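Some notes on the structure that comes next.
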Amino acid sequence: MSPRLHQLLAGTAEARPCALPPDKTDSPPAHRPYDLRHTCITNWLNAGVPVAEVSRRAGNSPEVVHRRYAGCIDGHEELNNRKIEQAMGWGEAEAGG
């Protein structure tokens, strides 16, 4: 775990009342910051943040991120196909032809 992330997690007890509404401060997720870490990493990956950047911010190797979170990235196949087609120049000739 990166020192910065460790520092952030260590401060969650003080941060809970500032970050959460009163009815959520004592909820189970509020007391399990590691679960929130998984949610954060999943959200970053689903937002399209490159694995190398997610790894750097989370303090994990890219291999760990791939192994642990590969199954959580849903619905990106079509988007990734379009990115590949654009990078390869595929489809442009069809659109103009």
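Just so it is clear, the values below take in all heavy atoms, side chains as well, and ignore hydrogens, waters and symmetry mates. Note that the coordinates shown come from a computational prediction; the quantities given were computed from them, not determined experimentally.
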Measuring from Asn60:CG to Arg67:CZ, what's the distance to the nearest 0.5 Å? 9.0 Å

How many angstroms lie between atom CD1 of Ile84 and atom CZ of Arg82, to the nearest 0.5 angstrom? 11.5 Å

Salt bridge (Lys or Arg N to Asp or Glu O under 4.0 Å) pairs touching residues 39-56, sequence neighbours excluded, are Glu53-Arg56, Glu53-Arg57

Distance, nearest 0.5 Å, that separates CD of Glu77 from CG of Leu79: 11.0 Å

When rounded to the nearest 0.5 angstrom, what distance separates CZ in Arg68 from OG in Ser61? 13.0 Å

Considering only heavy atoms from C-beta outward, does the side chain of Val65 approach that of Leu45 to under 4.5 Å? yes

Indicate, with yes or no, if Ile41 and Val49 share a hydrophobic cluster defined by side-chain heavy-atom contacts under 4.5 Å among Ile, Leu, Val, Met, Phe, Trp and Tyr. yes

